[in-house]
Participant: 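What follows is a structure written as structure tokens; I'll ask about it next.
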Amino acid sequence: MATKLQHAVWTKLSEIPKGKVVTYVELARAIGKPKAVRAVATAVGKNPNLVVVPCHRVIRSDRSVGKYASGVDKKIALLKSEGINIQKRHVPPEDIFVFDKK
DNA sequence: GCTCTGACGATTT
DNA sequence: GAAATCGCCAGAG
């Protein structure tokens, strides 16, 4: 099952271009709930559609990779494969994607 | 309807 | 710089 919040999150995630990552804050802001970062994180973690939902492109606002269901190390490897020079503790700000805010 | 928990954030110690 | 604390929203029991 999927709540509307989760759907909103996944939809936004699918809009992230390859080679870019997004922070939970930006993602939360994109769905109109900038304070609901925790709810957003929960939604991402429960993502049932790994194909259209690149959850590995989601990082924390402090540029740390955060967590990953299949292992943080895997997440980092995937992002590096997309051209992102990511590290466990920090991610290059220039590779962080920002949603078009209104 | 209340309480606990969570892939978090920001601030303080 | 790392750990602890408080605050935040939504979902699950």
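Chain letters run A, B, ... following the sequence lines, proteins first, then strands; residues in each count from 1.
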Participant: Between C:dC9 atom C1' and A:Tyr24 atom OH, what is the distance in whole Å?
Facilitator: 15 Å
Participant: Take atom CZ of A:Arg29 and atom C1' of C:dC8, then tell me their distance rounded to the nearest Å.
Facilitator: 15 Å
Participant: Which nucleotide sits closest to the side chain of A:Arg38: B:dA10, B:dA7, B:dG6?
Facilitator: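 Taking heavy atoms from C-beta onward, the closest nucleotide is B:dG6.
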Participant: NA contact type, A:Ala36, heavy-atom cut-off 4.0 Å: base, sugar-phosphate, or nothing?
Facilitator: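 Sugar-phosphate, no base atom in range.
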Participant: At under 4.0 Å, does any side-chain N or O of A:Thr42 touch on OP1 or OP2 of B:dA7?
Facilitator: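 No, because none of the side-chain N or O atoms of A:Thr42 sits under 4.0 Å from OP1 or OP2 of B:dA7.
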Participant: Nearest to the side chain of A:Asp62 - B:dG9, C:dC8, B:dC8?
Facilitator: B:dG9
Participant: Side chain of A:Ala69: nearest nucleotide among B:dA7, C:dG11, C:dC9?
Facilitator: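 Nearest nucleotide to the side chain: B:dA7.
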Participant: Please check if the side chain of A:Trp10 supplies one atom and the backbone of A:Ala43 the other of a donor-acceptor pair under 3.5 Å.
Facilitator: yes
Participant: Hey, could you give me the CG/NE2 distance between A:Leu78 and A:His56, rounded to the nearest 0.5 Å?
Facilitator: 5.0 Å
Participant: Tell me if the side-chain of A:Arg60 makes a donor-acceptor pair with the base of B:dG9, cut-off 3.5 Å, by modelled atom types.
Facilitator: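 Check fails, no donor-acceptor contact within cut-off.
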Participant: Rounded off to whole Å, could you give me the CD-to-C1' distance for the A:Gln6 and C:dA12 pair?
Facilitator: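 Interatomic distance, CD of A:Gln6 to C1' of C:dA12: 11 Å.
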Participant: What's the closest nucleotide to the A:Val44 side chain, out of B:dA10, B:dA7, C:dC9?
Facilitator: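 Nearest listed nucleotide: B:dA7.
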Participant: Hey, which sits more toward the 5' end of DNA chain B by its nearest nucleotide, A:Ser61 or A:Ala39?
Facilitator: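 The 5'-side residue here is A:Ala39.
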Participant: Can you check whether A:Glu94's main-chain N or O pairs, donor with acceptor, with A:Lys20's side chain at less than 3.5 Å?
Facilitator: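 Checking the backbone N and O of A:Glu94 against the side chain of A:Lys20, a donor-acceptor pair under 3.5 Å is found.
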Participant: Would A:Val22 and A:Leu5 show up in the same hydrophobic cluster when neighbours are defined by side-chain heavy atoms closer than 4.5 Å?
Facilitator: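 Cluster IDs for A:Val22 and A:Leu5 match.
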Participant: Can you check whether A:Lys33 has a side-chain N or O nearer than 4.0 Å to OP1 or OP2 of C:dA10?
Facilitator: yes
Participant: To the nearest Å, give me how far apart CZ (A:Arg63) and P (B:dG9) are.
Facilitator: 12 Å
Participant: Nearest-Å distance, NZ (A:Lys67) to C1' (B:dT5)?
Facilitator: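 Atom NZ in A:Lys67 sits about 12 Å away from atom C1' in B:dT5.
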Participant: Over how many whole Å does the gap from A:Trp10 atom CH2 to C:dG11 atom P extend?
Facilitator: 11 Å
Participant: Between A:Ile96 and A:Val72, is there a shared hydrophobic cluster once you connect ILVMFWY residues whose side-chain heavy atoms come closer than 4.5 Å?
Facilitator: yes
Participant: Check this one for me: any side-chain N or O of A:Thr3 less than 4.0 Å away from OP1 or OP2 of C:dA10?
Facilitator: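 For A:Thr3, the contact criterion (side-chain N or O under 4.0 Å from OP1 or OP2 of C:dA10) is not met.
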Participant: Can we say A:Arg57 and A:Glu82 salt-bridge, meaning some charged N sits less than 4.0 Å from an Asp/Glu carboxylate O?
Facilitator: yes
Participant: Is there a donor-acceptor pair closer than 3.5 Å between any side-chain N or O of A:Lys88 and the backbone N or O of A:Val65?
Facilitator: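 Here the side-chain-to-backbone pair does not exist.
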Participant: Could you tell me the separation between the CD atom of A:Glu26 and the C1' atom of B:dG9, rounded to a whole number of Å?
Facilitator: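 After rounding, the gap between these two atoms is 13 Å.
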Participant: Picking from C:dC8, B:dG9, C:dG11, which would you name as closest to the side chain of A:Lys46?
Facilitator: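 For the A:Lys46 side chain, the nearest candidate turns out to be C:dG11.
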Participant: Does A:Phe97 belong to the same Ile/Leu/Val/Met/Phe/Trp/Tyr cluster as A:Val9, with side-chain heavy atoms less than 4.5 Å apart forming each link?
Facilitator: yes
Participant: Give me the residues of residues 72-94 of chain A where at least one heavy atom lies under 4.0 Å from an atom of DNA chain C, by number, or none.
Facilitator: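 Under 4.0 Å from DNA chain C: A:Arg89.
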